[in-house]
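Numbering of ligands and ligand atoms starts at 1, following listing order.
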Amino acid sequence: MKERIEKLLADVEAFKAEKIEEVEQLRIKILGKKGELNELFASFKEVANDQKKEVGQLLNQLKVKTQERIVELSSSFAQKEEKGDNFLDLSLPISDDNLGSRHPLSIVKNEIIDIFSRIGYSISEGPEIEDDWHNFSALNFPKEHPARDMQDTFFIDKEHALRTHTSSVQVRVMENSTPPIRTISPGRVFRNEAISARAHCIFHQVEGLYIDKNVSFADLKQTLLYFAKEMFGEKTEIRLRPSYFPFTEPSAEVDVSCNICSGKGCNVCKHTGFLEILGCGMVDPNVLENCGIDSKVYTGFAFGMGVERIAMLKYQINDLRMFFENDIRFLNQFKSTI
Ligand code: PHE
């Protein structure tokens, strides 16, 4: 009898079920009215007195073990049912509900690149750690000149800094090619500024450069008008205000008509009807000469814009820090084909 109980105990322990019905069968087989346990209890009186204690304990053990195993198996079946067919089926293909989306800055950057490549601009890139020559000196910033303070710089050593604009890439392009040059330089730039809703110490620029014979300010204006209409819509107007940059002469700042109030005046454009989007100008002859281009033969224009600023206007985002937080709820709102 002892062996029989031990055999049953081992069977219960190893018992596996494919269907819930099999668990019920186990219950009937062991715990049922005519089950093993009752049968064993019935023949318990035949057990020799000196073995009664041990056999009794084994019988109890069989009862408890069987009950536990049944509860265990039934609850795992219940869970399977609750979670449906997905229950731990690792072979299922992943669902595409959670596909990521492109970052809004990438979407806007790609759009800017797309707009300029349609009129023949190539893309050029350069290093983020720049030497003094490419970031400042070649661009007509005299040494120790306060104009260098316009862009609070992160210096690495006396000669190197994190680039404060991608104009440095344009210097490299001019040094290494002969006009005509038509290129845009997208990239990350760094300025030692306090982080706020309107400024960050890291941001993104796209700067453009066009050098050829007879390039005029009218060409610059027309190019920027084309860009503004492509970016913000056919009805967009632009406005140029005189400004100063060491590397362009004359220089201007460009505003676009506010796409929120269509120029009527609102909070975003501070009731002026216009929003500033970029800086531009005719490349200073000194810069052309610094880069080995004959300024008596060639003229050119340059412009530079902040990608964050364009994205804020395009999507009406009022805090620049949102771009850097990578909050999924924010990022999920941007879907794009480019
Ligand atoms: N490099 C300037 C800036 O970062 C932008 C600019 C580029 C202005 C080209 C004029 C011409 O602010």
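Residue R191 approaches ligand 1 through these ligand atoms, each under 4.0 Å from one of its heavy atoms: 3 (C), 4 (O), 12 (O). Within the listing of ligand 1, atoms 3 (C), 4 (O) sit less than 4.0 angstrom from a heavy atom of Q205. Applying the 4.0 Å criterion to heavy atoms of E207 picks out, from ligand 1, the atoms 1 (N), 2 (C), 3 (C), 4 (O), 5 (C), 7 (C), 9 (C). Under a 4.0 Å criterion applied to the non-hydrogen atoms of H165, ligand 1 contributes the atoms 1 (N), 4 (O). Using a 4.0 Å cut-off to heavy atoms of F303, the atoms of ligand 1 that qualify are 7 (C), 9 (C), 11 (C).
Under 4.0 angstrom from ligand 1, the non-hydrogen atoms of F247 all belong to its side chain.
Using a 4.0 Å cut-off between charged nitrogen and carboxylate oxygen, E24 and R27 count as a salt-bridge pair. Remark: R4 engages E36 in a salt bridge, criterion side-chain N to carboxylate O under 4.0 Å.
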Report task. Decide yes or no on ring-ring contact (aromatic ring centres under 6.0 Å, His included) for F303 and F116, but give the supporting numbers first. Result -> CA-CA 12 Å; F303 55 86; F116 283 103; 5.0 Å; yes
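Remark: D284 engages no residue in a salt bridge (charged side-chain N to carboxylate O under 4.0 Å, His left out) (not counting sequence neighbours). Residues meeting the side-chain contact (heavy atoms from CB on, under 4.5 Å) test with E6, sequence neighbours left out: K2, L58.
Contact detail for D132 and K143: the closest heavy-atom pair is OD2-NZ, 3.1 Å.
At a 3.5 angstrom cut-off on N or O pairs, S167 counts as close to ligand 1.
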